[in-house]
Trainee: 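Handing you a structure now.
Just so you know, ligand 1 is whichever comes first in the structure, and atom 1 is the first atom listed for that ligand. Everything numeric in this text was worked out from a predicted model, so none of it was measured.
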Amino acid sequence: MAEQHAGNQDDGWLDLRSDTVTRPGAAMRAAMHAADVGDDVYGDDPSVNRLQEYAADLFGYEDALFAPSGTQSNLLALLAHCGRGDEYLVGQEAHTYKYEGGGAAVLGSIQPQPIVNQPDGAIALGDIAAYIKPDDFHYARTRLLALENTIGGRVLGLDYTRQATALAHDKGLATHLDGARLCNAAVKLGVSPRAALAGFDSASICLSKGLGAPVGSILCGSRPLIKEAKRWRKMLGGGMRQAGMLAAAGLYALEHHIDRLADDHANAAYFAGELAKMKHITVSTPQTNIFFVDMPAFVCQGLSDVLQLTRIRVSMAPRLRIVTHMDASRDDIERAITVFGDFFG
Ligand SMILES: *Cc1c(COP(=O)(O)O)cnc(C)c1O
């Protein structure tokens with residue numbers, strides 16, 4: 001690994017609620033410290049420009065835009081692809097539908113058409129075709145298919161994303177990927193991020209999750225789409241000035257932290273495998289760095305108390321969710337396994 005991480009050792013807590021909790025390590029902080037900066041609203045920040053150029057090339061797009069969050073980056077894409085009275089097809093469980101405050105509807109007058117996600121996280125091709133509305137003034141205009149990869153830690157396969165995006169294009173729709181954890185998907189699939197993005201007209205990638213940057217997401221797309229997104233970013237208050245210090249962290253993350261996501265996947269697989277041997281719990285099999293544990297409701301408070309006492313944080317509601325990341329070492333995972341083992345036996 002490229003560097004030492006301050007991480008969870010700081011305060012003795014092992015935080016497995018999300019990969020958003022990762023903290024910049026010494027080398028990333030050094031890159032931030034050394035960053036050349038300028039006013040990015042004028043397009044004058046060399047570090048932001050470098051990040052955007054690097055990301056566009058890495059992910060296989062004409063252009064890219066640095067945004068303060070994944071929520072804003074997805075919203076910029078929805079606003080750039082769709083207008084008032086348009087709609088986007090989206091999974092019922094998707095972040096862009098369920099966890100972004102209805103932003104597309106509130107701010108863009110864009111109607112979501114949610115569609116059930118299959119157990120593997122995909123939207124069935126038959127459902128995509130069936131939900132595209134005919135050109136008739138009774139209906140909203142179906143403009144965009146938005147998928148998510150990974151979704152709840154599950155990876156959409158290349159055959160599926162190729163077929164789904166081809167179907168959408170064939171029907172005249174644009175395609176967007178919420179790729180908050182696209183790099184986890186690419187590492188799991190054993191392909192380049194660019195290959196995992198084939199077929200998507202735009203993609204949003206979080207720098208602040210498993211990649212370990214403190215802040216920021218990247219929106220990738222065609223030059224005209226990014227130009228439009230930039231207008232919306234300014235309107236939404238996302239035009240940042242000397243953002244190069246943040247962009248430098250993002251660039252460091254893209255340069256150094258993609259391949260190591262395999263370690264997080266291995267830690268999740270190991271942790272889940274050990275938990276699966278314990279009594280009274282059911283454990284999902286992780287494909288990447290996220291998995292779920294189900295247990296009888298009456299033990300939840302007891303487990304929560306024990307985790308508090310032993311300084312381990314997980315998400316408990318609505319379901320126990322564990323997320324591995326670069327600030328959770330194999331030793332940390334061993335410690336958590338011991339705690340769970342003592343509790344469940
Ligand atoms: C975290 C996440 C986002 C949004 O990212 P924020 O930076 O928290 O706004 C979008 N989509 C998915 C799938 C995510 O996991």
Trainee: May I have the N/O to N/O pairs between ligand 1 and the protein that fall below 3.5 Å, each with atom names and distance to one decimal?
Mentor:
from     : atom 1 : to     : atom 2 : distance (Å)
ligand 1 : 7 (O)  : Gly70  : N      : 2.8
ligand 1 : 9 (O)  : Gly70  : N      : 3.3
ligand 1 : 9 (O)  : Thr71  : N      : 2.8
ligand 1 : 9 (O)  : Thr71  : OG1    : 2.6
ligand 1 : 11 (N) : His95  : ND1    : 3.4
ligand 1 : 11 (N) : Asp178 : OD1    : 3.1
ligand 1 : 11 (N) : Asp178 : OD2    : 2.6
ligand 1 : 15 (O) : Arg181 : NH1    : 3.1
ligand 1 : 15 (O) : Lys209 : NZ     : 2.6

Trainee: Looking at the rings of Tyr88 and Tyr97, which for Trp means the six-membered one, are their centres under 6.0 Å apart?
Mentor: no
Trainee: Kindly assign one of parallel, tilted or perpendicular to the pair His95 and Tyr99, based on the angle between their ring planes and the thresholds 30° and 60°.
Mentor: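 Ring orientation, 0 to 90° scale: tilted.
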Trainee: Mind checking whether Val48 and Leu251 sit in one hydrophobic cluster, side chains of I, L, V, M, F, W, Y counted as touching below 4.5 Å?
Mentor: yes
Trainee: Distance to the ring centre below 6.0 angstrom and angle to the axis at most 45 degrees; does that hold for Arg321 and Phe291?
Mentor: no
Trainee: Do Ser202 and His176 have side-chain atoms, one donor and one acceptor, less than 3.5 Å apart?
Mentor: yes
Trainee: Quick one: are the ring centres of Tyr252 and His257 less than 6.0 Å apart?
Mentor: yes
